[in-house]
Amino acid sequence: MHLQAPKGMSDVLPPESGRWKETIRKAEELFDLYGYEEIILPVLEQTEVFLKGIGPTSDIVQKEMFTFEDRGDTSLTLRPEGTAGVARAFVQSMAKYPMPLKLYYQGPMFRRERPQKGRFRQFFQLGVELIGSAKPVADAEVIALAQDLMAALGEGRIDLLVNSVGDSRCRPAYSEMLRAYLDRMEDRLCQDCRRRKQTNPLRVFDCKEPGCFQVVQEAPRITDHLCEKCQAHLEETLELLGQAQITLELDKSLVRGLDYYTRTVFEFRSPALGAQNTIAAGGRYDGLIESYGGPPTPATGFSLGLERLLMLHSGERGKAERAGAYLVAEEAEARNRAFILARELRGRDIPCDLDCLDRSMKAQAKAADRLGYRYTVFLGPEELASGRLTLRNMAAGTQESLSEKELIARLEAARSTASKENE
RNA sequence: GUGGCGGUAGCUCAGUUGGCAGAGCACUGGGUUGUGGCCCCAGAGGUCGCGGGUUCAAGUCCCGUCCGUCACCCCA
């Protein structure tokens, strides 16, 4: 029997893992720049958290959650997204914190879907939540932050789509209007949309069937039926984003799958991806925290799919480059010296490595090249006899004979040059 | 949950009307380069996804099953 990772869950191997780490590090730098602090949450929540937050009729809750009974009395679920957990933690422990609260989170999310390009059962999200402000400037800030993330970490064209889905005042009336319209057009809708019409009429806007597309062209848009306050909120948000020189498209058919969204919703999409082309998405959720039993608290945020973001970087894989040295040694005595020298170098923060497979000098030199070390140190028979070591600069192909002391000094000097270059 | 395509060496794949399981890359040893990259020689590496069936004979044909992939559904 072959052991393998569960369906839709993959190992992130080096050197890919290095790119992950680097991307996460840059994102965190940006979060910090905007004044967000990390909240570290459990990967499991009581199932109730997601039922109430995401909505019992949503697909995520209906068929995509990894849910199990914990010793028979509590139903637990692997988190399918991050916002519900943040809201739960807020109500549990942070309701008295000074507002606004600016939080970011990162980690794996889980949805039991059929995997395809850009969609996995375990996927890694980075997200931010700005809690406590109902003002358009809050929406504009998280969108601006997301935009900066795209600019710093994305590649190629990335489109920003924005819309408003209204609030508890204007959305119910609109939903009725839309459903009535769709009822009249029923015979032109596909099977899926006839079902959607009942469960979540807004989603008909997402359908790719040509017939439905035509029907939707003529359909009333939520954006044209917002109440006064939602309308003003949208206009102010767009105004701020315009002033910030952020280019976007007001997409009146943009809707989102999670029930908790109110007013502003947005998505960043790349045409370079497959069918799953949303890299980051989010919006406002003014009712969520109150629905968890907390004080009425407006909030807005977004999350980003790391795998999808990284998929944009096609094939560019530079050879790994390492400061420091690879130590090549032939005979047993030389190998022992290399081992001691490696400890000495590492103690001085100089990266180094050496053979542990008893391989030939040639194979070791090859390894030095493959691993990308800037220097190779040779402890061959000649070096052993003379007591001096050979330091070879791999890029230049030059080398010199040095005492161990001189060699260490040389590598230390090179290390500080290297760290300056990286800044 | 539904559908299309696929599964042969670590990776990418070839394998004829059923007839001894192959190539390139990577890997290991060696030659050459003063000691890596280029080149040359040699070597190691395979339950042909798994189970059943047809056949003298199955990687190849049939059935089932698992896994992967892309799309639908839905979503980061």
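Please read all numbers here as calculations on a predicted model, not as lab measurements. Hydrogens, waters and symmetry mates are skipped; everything else that's a heavy atom, side chains included, is used.
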Query raised in the report: P atom, B:A58 versus B:G51: distance in rounded Å?
Result: 14 Å

Report task. For residues A:Ser401 and A:Arg388, report the shortest heavy-atom separation together with the two atoms involved. Result -> O-NH2, 3.2 Å

Query raised in the report: Would you say A:Tyr181's side chain and A:Val215's backbone share a donor-acceptor pair under 3.5 angstrom?
Result: yes

**Report entry** Distance between C1' atoms of B:C63 and B:A14 (Å, rounded)
**Finding:** 27 Å

Query raised in the report: Which part of the nucleic acid does A:Met361 contact within heavy-atom distance under 4.0 Å: base, sugar-phosphate only, or nothing?
Result: nothing

**Report entry** Given B:C72, B:C75, B:G37, the nucleotide with the shortest approach to the side chain of A:Arg111
**Finding:** B:C75

Query raised in the report: If we take the P atom in both B:A21 and B:U28, what is their distance in whole Å?
Result: 29 Å

Query raised in the report: With a 4.0 Å cut-off on heavy atoms, is A:Thr376 in touch with a base, just the backbone sugar-phosphate, or nothing at all?
Result: nothing

Query raised in the report: Cut-off 3.5 Å, side chains only: do A:Asp167 and A:His233 have a donor facing an acceptor?
Result: no

Query - Side-chain N,O (A:Ser303) to OP1/OP2 (B:A76) below 4.0 Å - result: no

Query raised in the report: Which is true for A:Glu81 with a 4.0 Å heavy-atom rule: it touches a base, it touches only sugar-phosphate, or it touches nothing?
Result: nothing

Report task. In whole angstrom, give me the gap between the C1' atoms of B:U17 and B:U55. Result -> 15 Å

Query raised in the report: Is a side-chain donor-acceptor pair under 3.5 Å present for A:Thr83 with A:Glu129?
Result: yes

Query raised in the report: Toward the 5' end of RNA chain B, which comes first, A:Thr278 or A:Asp358, by nearest nucleotide?
Result: A:Asp358

Query raised in the report: Would A:Gln92 and A:Tyr292 count as having a side-chain donor-acceptor pair, cut-off 3.5 Å?
Result: no

**Report entry** Assigned partner base of B:G18, Watson-Crick or wobble definition, under 3.5 Å
**Finding:** none

Query - Any donor-acceptor N/O pair under 3.5 Å between B:U32 base and A:Lys362 side chain - result: yes

Query raised in the report: Who is the Watson-Crick or G-U wobble partner of B:G37, with both distances under 3.5 Å?
Result: none

Requested in this report: Return the nearest nucleotide to the side chain of A:Arg359; candidates are B:U35, B:C74, B:U28.
Outcome: B:U28

Requested in this report: Could you tell me whether the side chains of A:Tyr260 and A:Asp286 share a donor-acceptor contact shorter than 3.5 Å?
Outcome: no

Report task. Nearest whole angstrom, please: distance from the P of B:A76 to the CZ of A:Arg119. Result -> 12 Å

Query raised in the report: Within the pair A:Ser360 and B:U28, is there a side-chain N or O less than 4.0 Å away from OP1 or OP2?
Result: no

Report summary line: With sugar-phosphate taken as primed atoms, P, OP1 and OP2 and all else as base, the protein-contact string of nucleotides 64-70 of chain B at under 4.0 Å (heavy atoms; B, S, -) is ---SS-S

Query - No-H, no-angle donor-acceptor pair, A:Arg256 side chain to B:C74 base, under 3.5 Å - result: no

Query raised in the report: In whole Å, what separates the P atom of B:U32 from that of B:U16?
Result: 43 Å

**Report entry** B:A23: pairing nucleotide in any strand, Watson-Crick or G-U under 3.5 angstrom
**Finding:** B:U12

Requested in this report: Indicate, with a heavy-atom threshold strictly under 4.0 Å, whether A:Ala363 touches base, sugar-phosphate, or nothing.
Outcome: sugar-phosphate

Query raised in the report: Over how many whole Å does the gap from A:Leu160 atom CG to B:A76 atom C1' extend?
Result: 16 Å

Report summary line: In whole angstroms, the gap separating P of B:C73 from CG of A:Leu189 amounts to 14 Å

Query - Under 3.5 Å side-chain donor-acceptor pair for A:Gln106 and A:Glu38 - result: yes

Query raised in the report: Taking atom P in both B:C62 and B:G4, what distance in whole Å separates the two?
Result: 16 Å

Report summary line: Partner of B:U32 under the Watson-Crick or G-U wobble criteria, both distances under 3.5 Å, comes out as none

Requested in this report: Please determine, for B:G7, whether a Watson-Crick or G-U wobble partner exists with both distances under 3.5 Å, and give it or none.
Outcome: B:C66

Query raised in the report: The side chain of A:Glu113 lies closest to which of these nucleotides: B:U35, B:U28, B:C74?
Result: B:C74

Query raised in the report: CG of A:Leu357 versus C1' of B:G29: gap in Å, rounded?
Result: 14 Å

Query raised in the report: For B:U60, what is the paired nucleotide under Watson-Crick or G-U wobble rules, both distances under 3.5 Å?
Result: none

Query raised in the report: Using a cut-off of 4.0 Å on non-hydrogen atoms, how would the nucleic acid contact of A:Ala368 be classed: base, sugar-phosphate, or nothing?
Result: nothing

Query raised in the report: Who is the Watson-Crick or G-U wobble partner of B:C72, with both distances under 3.5 Å?
Result: B:G1

Query raised in the report: Quick one: does A:Leu44's side chain get under 4.5 Å of A:Thr77's, heavy atoms only?
Result: no

Query raised in the report: For A:Ile279, which contact category applies under a 4.0 Å heavy-atom criterion: base, sugar-phosphate, or nothing?
Result: sugar-phosphate

Query - Atom pair distance, as rounded to whole Å: CZ in A:Phe123 and C1' in B:C74 - result: 12 Å

Query raised in the report: Do NZ/NE/NH1/NH2 and the carboxylate oxygens of A:Asp159 and A:Arg269 come within less than 4.0 Å?
Result: no

Query - Rounded interatomic separation in angstrom, taking CD1 from A:Ile158 and P from B:A76 - result: 16 Å

Query - Interatomic distance at C1', B:G18 relative to B:U60, whole Å - result: 6 Å

Report task. Find which nucleotide of RNA chain B each of A:Gly282 and A:Lys366 is nearest to by heavy atoms, and output the residue with the more 5' nucleotide. Result -> A:Lys366

Report task. Figure out the CG/P separation between A:Leu371 and B:C27, and round it to whole Å. Result -> 11 Å

**Report entry** Separation of B:C75 P from A:Met311 CE (nearest whole Å)
**Finding:** 18 Å

Report task. Taking only Lys NZ, Arg NE, NH1 and NH2, and the carboxylate oxygens of Asp or Glu, determine whether A:Arg322 and A:Asp353 approach each other closer than 4.0 Å. Result -> no

Query - Distance-only polar pair, side chains of A:Thr390 and A:Glu383, donor-acceptor under 3.5 Å - result: yes

Query raised in the report: B:C27 and B:A44: how far apart are their C1' atoms, nearest whole angstrom?
Result: 9 Å

